[in-house]
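Atoms within a ligand are numbered from 1 in the order they appear, just like the ligands themselves. Keep in mind it's a predicted model, so treat the numbers as computed, not measured.
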Amino acid sequence: MSERERRPGNRSAEALRLVSVSKVYGAGDGAVTALDGVTLSLPAGSFTAIMGPSGSGKSTLLQCAAGLDRTDRGQVLVGGTEMPGGGEAALTRFRRERIGFVFQQYNLLPTLTVEENTALPLRLAGRKADPERVRALLAQVGLGDRLHHRPDALSGGQRQRVAIARALVTRPGLLFADEPTGALDTRSARDVLGLLREAVCLHGSTVVLVTHDPVAASHADSVLFLADGRLAGHLPAPTAEAVAERMTHLGDRVAARGTGSGPLTGV
Ligand code: ADP
């Protein structure tokens, strides 16, 4: 990182920043602390995987970082701009302009064609659908000959590729993928992970991948580990073996927590 990028005033190279983010579900005796003071920074153009045991707070982190849910404490900044407080409308607009999503279950609308599904985020944002861009994206994900098919005529891997094209159509700076390969066979999963990498390389997006699969995580530039709602480690240039090894030892890290899990940077 250059001196200029390191200066606190320069946010342009930072895609996502979380500052002491906490989230508690419920109240009183039944309260569950899902996120407990998470601070992290992801540079623009990075590809980061978030891993952790079930219940460690991965989904909550994604929901809060993507503005799908509100934090209880702390700040979320996307591209240097703080997530808007107040009404739902401002938050929805913020999300639509800056953030793309890919979910495990694709979330395509069954009555719309592949082309219409892909253009939908533009329509929802009140922007003009650009048929050429939609078709170019679908060609890039290998579905240039499926424009008029409906989702039920596609395989799981093909549906997820439509979902990636749809996520990229608004040119989001930040793309969140929540277990995008969870329902796919090995080959389709590899294709989808390759497309997420292309989102970084070709479209300049910053990708955050939530997964429980060490092989999927190894496609990222680095892995952030969560345990018990706290950051519990950072692994740059991950291999599947190294990720699996870290996951095995996460229990030990949780036991030792409080011994210095400070702010982490996913570089
Ligand atoms: P992960 O995605 O790593 O499995 P989650 O973020 O889903 O973890 O959950 C973190 C913790 O918060 C868990 O203990 C879970 O039971 C709890 N939790 C998540 N969502 C809710 C909710 N809507 N209401 C109550 N507890 C929740």
request  = Could you tell me whether the side chain of R166 reaches within less than 4.5 Å of the side chain of N107, counting heavy atoms only?
outcome  = yes
query = Just how far is it from atom CG of L40 to atom CD1 of I50, taken to the nearest 0.5 Å?
reply = 6.5 Å
Closest approach of any protein heavy atom to atom 7 (O) of ligand 1, naming residue and atom = S59 CB, 3.7 Å
message = Using 0.5 Å steps for rounding, measure from the SG atom of C64 to the CE atom of M83.
response = 8.5 Å
request  = May I ask whether atom 15 (C) of ligand 1 is less than 4.0 Å from at least one protein heavy atom?
outcome  = no
key: Beyond-backbone contact of T71 with L35, side-chain heavy atoms, under 4.5 angstrom   = no
inquiry  = Can you tell whether the side chains of D221 and R197 come within less than 4.0 Å, N to carboxylate O?
reply    = yes
query = Taking the side chain as C-beta and beyond, is there a heavy-atom pair between Q158 and L143 under 4.5 Å?
reply = yes
query = With a 4.0 Å cut-off on heavy atoms, is G52 touching ligand 1?
reply = no
request  = Just need the protein heavy atom nearest to atom 12 (O) of ligand 1, so name the residue and atom and give the distance.
outcome  = A34 CB, 3.4 Å
query = Can you tell me if G55 has a non-hydrogen atom under 4.0 Å from ligand 1?
reply = yes
key: P53 near ligand 1 by a heavy-atom separation under 4.0 Å   = yes
request  = Start with the C-alpha distance between L174 and V208, add both sets of side-chain angles, then the distance that settles side chain to side chain contact (heavy atoms under 4.5 Å, CB included), and finish with yes or no.
outcome  = CA-CA 8 Å; L174 195 51; V208 180; 4.2 Å; yes
task = Find all atoms of ligand 1 within a distance of less than 4.0 Å from any non-hydrogen atom belonging to K58, and give their numbers and elements.
result = 1 (P), 2 (O), 3 (O), 4 (O), 6 (O), 8 (O)
query = Does atom 23 (N) of ligand 1 have any protein heavy atom closer than 4.0 Å?
reply = yes
note = min-distance protein heavy atom vs atom 6 (O) of ligand 1 -> T60 OG1, 2.6 Å
message = Can you name the atoms of ligand 1, numbered from 1 with element, that are less than 4.0 Å from a heavy atom of S56?
response = 1 (P), 3 (O), 8 (O)
message = Taking atom NE2 as the centre, does H212 end up with more than 12 heavy-atom neighbours from other residues, nucleotides or ligands that are less than 6.0 angstrom away?
response = no
ask   = Where do L202 and Q140 land on the side chain to side chain contact (heavy atoms under 4.5 Å, CB included) test, with the steps shown first?
value = CA-CA 10 Å; L202 300 181; Q140 189 211 322; 3.7 Å; yes
Identity and distance of the protein heavy atom lying nearest atom 27 (C) of ligand 1 = Y25 CD1, 3.2 Å
key: Close-contact set for ligand 1 against V32 heavy atoms, below 4.0 Å   = 12 (O), 14 (O), 17 (C)
query = Has ligand 1 got any nitrogen or oxygen that is less than 3.5 angstrom from a nitrogen or oxygen of G57?
reply = yes
